[in-house]
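Throughout, numbering of the chain's residues begins at 1 and tracks the sequence. Both counts, for ligands and for their atoms, begin at 1 and track the order of listing. Please read these numbers as outputs of a predicted model, since none were measured by experiment.
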Amino acid sequence: MKGKIYKGIGGFYYVKTDDDGVVECRARGRFRKERIVPMIGDDVEIEVKNGKGYVCEIYPRRSKLIRPAVANIDAVVVVAAAKSPDPNTAVIDRMLVNAEINGIEPLVCINKSDLANATELAELYTRVGYKTAVVSAETGDGLDELLGLIRGKTAAFAGVSGVGKSSLLTLITGQGLETGAVSDKISRGRHTTRHVELFAMSDGGFVLDTPGFSSIEPEEIAARELAECFPEMRRLEGRCRFRGCAHIGEPDCAVKEAVSDGRIAESRYETYRELYEFQRSRTEWK
Ligand SMILES: Nc1nc2c(ncn2[C@@H]2O[C@H](COP(=O)(O)OP(=O)(O)OP(=O)(O)O)[C@@H](O)[C@H]2O)c(=O)[nH]1
Ligand SMILES: [Mg+2]
Ligand SMILES: [Zn+2]
């Protein structure tokens, strides 16, 4: 029987089967011998013997996220708030880059549209080429648009604390997730292991809440490959005078030209430069 691991607790894996059942499973012993650890999100083959479920096969993983550890994520929804907290484009950009590095489709969701106008922020990202939804978890505005972007997919919701990830997921799944600042903050401060769980949607997709974080460590990537994680720079590939142009100080650089005439947003280029320097210094010191 085929299914998907949506939750794991103390060596048990909870598998949602294709016929909508739920089976508690242990991993077959051979996985331990081969040092393979099933992950949340794994598509698996299970068998039930004497009333006990076993994961007996793990299908090849399409993608693998490290923090949180989840397999087969199709899309990362980078959530920001139009206000409260004020949007920080550097943080949004970094999360988008991390999705690109992992080969996962990045999506943008701007929440709390009831508190401030989100048009400008939305346009910044639609112009880059990212599919962007403007929503309000408070009024339900734009929710259909967001649902359209993640239909049938396994989508992880990322974003700094307080932007409304849990509120949106509660609306989407109809299941009560921990929202509001207080309890969340206490558990985070104490390094409580927050369990990761996929929530099934009626369209066959899954959604996943990731706890908020205020700063993010960029994933490792060769500085030279960084531009490929910026769609607006990717489109200009081959247009610079020098092959392998880093778009930092080289003459006749198509990227720098695009920045100066406004086709590439300054804030986006600034994030690129910061990440470039960061990656370069990291490799130099290795
Ligand atoms: N006005 C308004 N408030 C919202 C909206 N969405 C969420 N909130 C409020 O914002 C606060 C934070 O929402 P959460 O859903 O807990 O935010 P979160 O992203 O899950 O935060 P962490 O779990 O800390 O990462 C709560 O008080 C929500 O009620 C919205 O669209 N409009
Ligand atoms: Mg939350
Ligand atoms: Zn260049």
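Not close to ligand 1: G159, with no non-hydrogen atom less than 4.0 angstrom away.
Distances between N or O atoms of L115 and those of ligand 1 include no value under 3.5 Å. For ligand 1, the polar-atom distance check against E138 finds a nitrogen or oxygen pair separated by under 3.5 Å. Inclusion of A137 in the set of residues having an N or O under 3.5 Å from an N or O of ligand 1 is warranted. Among the atoms of T210, none of the N or O lies under 3.5 angstrom from an N or O of ligand 1. Between S113 and ligand 1, no pair of N/O atoms sits closer than 3.5 Å. At least one N or O atom of G164, backbone or side chain, sits closer than 3.5 Å to an N or O atom of ligand 1.
Between the Mg ion (ligand 2) and S166 there is an N/O/S contact shorter than 2.8 Å.
Side-chain contact between F230 and V255 is absent, with no heavy-atom pair separated by less than 4.5 Å.
Between K153 and D74 there is no salt bridge, since no side-chain nitrogen of the basic residue lies less than 4.0 Å from a carboxylate oxygen of the acidic one.
For R30 (side chain) and C56 (main-chain N/O), a donor-acceptor pair under 3.5 Å exists by modelled atom type. R94 places no side-chain N or O within 3.5 Å of a backbone atom of T271 that could act as its donor or acceptor partner.
Checked options Y272, Y125, Y269; the residue passing with D93 is Y125 (criterion: side-chain hydrogen bond (donor to acceptor under 3.5 Å, both in side chains)). Exactly one residue among D20, D18, D19 makes a side-chain hydrogen bond (donor to acceptor under 3.5 Å, both in side chains) with K16. That residue is D20. Among K4, E24, K7, the one residue that satisfies the side-chain hydrogen bond (donor to acceptor under 3.5 Å, both in side chains) test with Y14 is E24.
Counting the atoms of ligand 1 from 1 in the order shown, those under 4.0 Å from a heavy atom of D114 are 1 (N), 2 (C), 30 (C), 31 (O), 32 (N).
Around the Zn ion (ligand 3), the two atoms SG of C245 and SG of C240 are separated by an angle of 110°, to 10 degrees.
Between the side chains of S63 and N102, no donor-acceptor pair of N or O atoms lies under 3.5 Å.
The N, O or S atom of H247 lying closest to the Zn ion (ligand 3) is ND1.
Looking at A116, P85, G142, S167 and measuring to atom 13 (O) of ligand 1, the nearest heavy atom belongs to S167.
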